[in-house]
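As a basis for the values below, the full set of heavy atoms in this structure was taken, side chains included, without hydrogen atoms, waters or symmetry mates. Owing to the predicted nature of the structure, the values given are computational and were not obtained by experimental measurement.
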Amino acid sequence: MTTLTTPRPTRTLPAEYRGRLMSLAHEVRYPGGIRLFAEGGPADRLWIIESGTVALEMRVPGAQPAVIDTLGSGELLGWSARFPPYRRRFSARTVGPVRAFEFDAAAVRHLCEDDAELGQVVAQWAGEAVVRRLQAARTRLLDLYAPYGSGARG
């Protein structure tokens, strides 16, 4: 198995926490066009993307799913696995080949419960991803559905 460098987000963790979190990871590789998870499904895994691109999609009634954001190297995918009710908020699919570190969500939650400081750092990291994703979803939905000339675009 190829040894991968530590992704960006975990570099902000103190070495003790980084090592403990990464001890739960295993490397995965996916070809392009693979659905990693579906909106509303169980959030039982999360990933740190090492390379490649993943598109986050949102169901739109009566239309094709809308791509609301794309994620790349060093980004957290699957933050829903950190917060109850542990259900996916978006769908995700690989745009091209993807290499990532995959984590069992229950193991990460257990580690965070056992170490409150690590839990707080991981929750803050996931919370930052939530804020970015919500802003991306808002911007994308305004791009798609705001009336022309409303001032909501651009």
Side-chain angles (χ1 to χ4, degrees), residues 4 6-14 16-95 98-146 152:
L4 301 177
T6 302
R8 249 187 346 253
T10 58
R11 286 192 181 139
T12 62
L13 296 175
E16 172 191 356
Y17 297 144
R18 179 175 52 246
R20 291 184 68 202
L21 182 62
M22 294 307 291
S23 73
L24 301 177
H26 67 276
E27 180 185 353
V28 293
R29 294 171 185 257
Y30 300 104
I34 298 296
R35 170 104 26 228
L36 295 174
F37 52 82
E39 185 176 344
D44 56 355
R45 295 175 289 158
L46 56 120
W47 300 262
I48 300 172
I49 300 169
E50 176 65 18
S51 65
T53 304
V54 175
L56 291 178
E57 300 173 335
M58 189 170 127
R59 281 187 293 222
V60 178
Q64 292 293 319
V67 174
I68 57 112
D69 201 4
T70 56
L71 308 177
S73 178
E75 293 194 77
L76 174 64
L77 172 64
W79 61 262
S80 301
R82 183 64 181 97
F83 303 106
Y86 312 119
R87 307 300 291 180
R88 299 294 181 192
R89 304 302 191 251
F90 303 112
S91 296
R93 92 182 138 69
T94 59
V95 175
V98 169
R99 289 187 325 167
F101 291 108
E102 183 177 80
F103 299 83
D104 174 78
V108 171
R109 289 192 300 266
H110 182 73
L111 180 66
C112 290
E113 289 166 5
D114 286 349
D115 184 332
E117 288 181 36
L118 173 63
Q120 184 171 352
V121 170
V122 171
Q124 181 175 351
W125 177 40
E128 290 168 0
V130 170
V131 169
R132 284 191 308 272
R133 306 285 155 66
L134 289 173
Q135 184 60 41
R138 179 184 182 278
T139 300
R140 180 67 175 136
L141 292 173
L142 285 172
D143 285 346
L144 289 172
Y145 300 109

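Taking the side chain as every heavy atom from C-beta outward, Glu75 and Val54 never approach each other to under 4.5 Å.
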- Given side chain to side chain contact (heavy atoms under 4.5 Å, CB included), test Tyr86 with Asp44 step by step and report yes or no. CA-CA 7 Å; Tyr86 312 119; Asp44 56 355; over 6 Å; no
- Message: Pair Cys112, Arg82 - check side chain to side chain contact (heavy atoms under 4.5 Å, CB included), show working.
- Response: CA-CA 10 Å; Cys112 290; Arg82 183 64 181 97; 3.5 Å; yes
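Smallest separation of non-hydrogen atoms from Val108 and Phe103: CG2-CB, 3.7 Å. What you find for Ser73 and Glu50 is that their closest heavy atoms are OG-O, 3.0 Å. Arg45 approaches Ala105 most closely through the heavy-atom pair N-CB, 3.9 Å.
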Donor-acceptor contacts, no H, no angles, side chain residues 55-63, under 3.5 Å, sequence neighbours left out:
unit_1: Glu57; atom_1: OE1; unit_2: Arg35; atom_2: NH1; d: 2.9
unit_1: Glu57; atom_1: OE1; unit_2: Arg35; atom_2: NH2; d: 3.1
unit_1: Glu57; atom_1: OE2; unit_2: Arg93; atom_2: NE; d: 2.5
unit_1: Glu57; atom_1: OE2; unit_2: Arg93; atom_2: NH2; d: 3.1

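A distance-only check finds a donor-acceptor pair linking the side chain of Thr94 to the backbone of Ile34 [under 3.5 Å]. No donor-acceptor distance shorter than 3.5 angstrom exists from the side chain of Ser80 to the backbone of Ala43, with no hydrogens or angles considered.
Using a 30° and 60° split on the angle between ring planes, Phe37 and Trp47 fall in the parallel class, below 30°.
Note that the CD atom of Glu102 and the CD atom of Glu27 stand 11.0 Å from one another [nearest 0.5 Å]. Expressed to the nearest 0.5 Å, how far CG of Leu46 lies from CG of Leu36 amounts to 12.0 Å.
By the 4.0 Å N-to-carboxylate-O rule, Arg88 lies too far from Glu39 to be salt-bridged with it.
Under the salt bridge (charged side-chain N to carboxylate O under 4.0 Å, His left out) criterion, the residue pairs touching residues 104-127 are Arg20-Asp115, with sequence neighbours excluded.
Under the side-chain contact (heavy atoms from CB on, under 4.5 Å) criterion, Thr53 pairs with Thr70, Val95, sequence neighbours left out.
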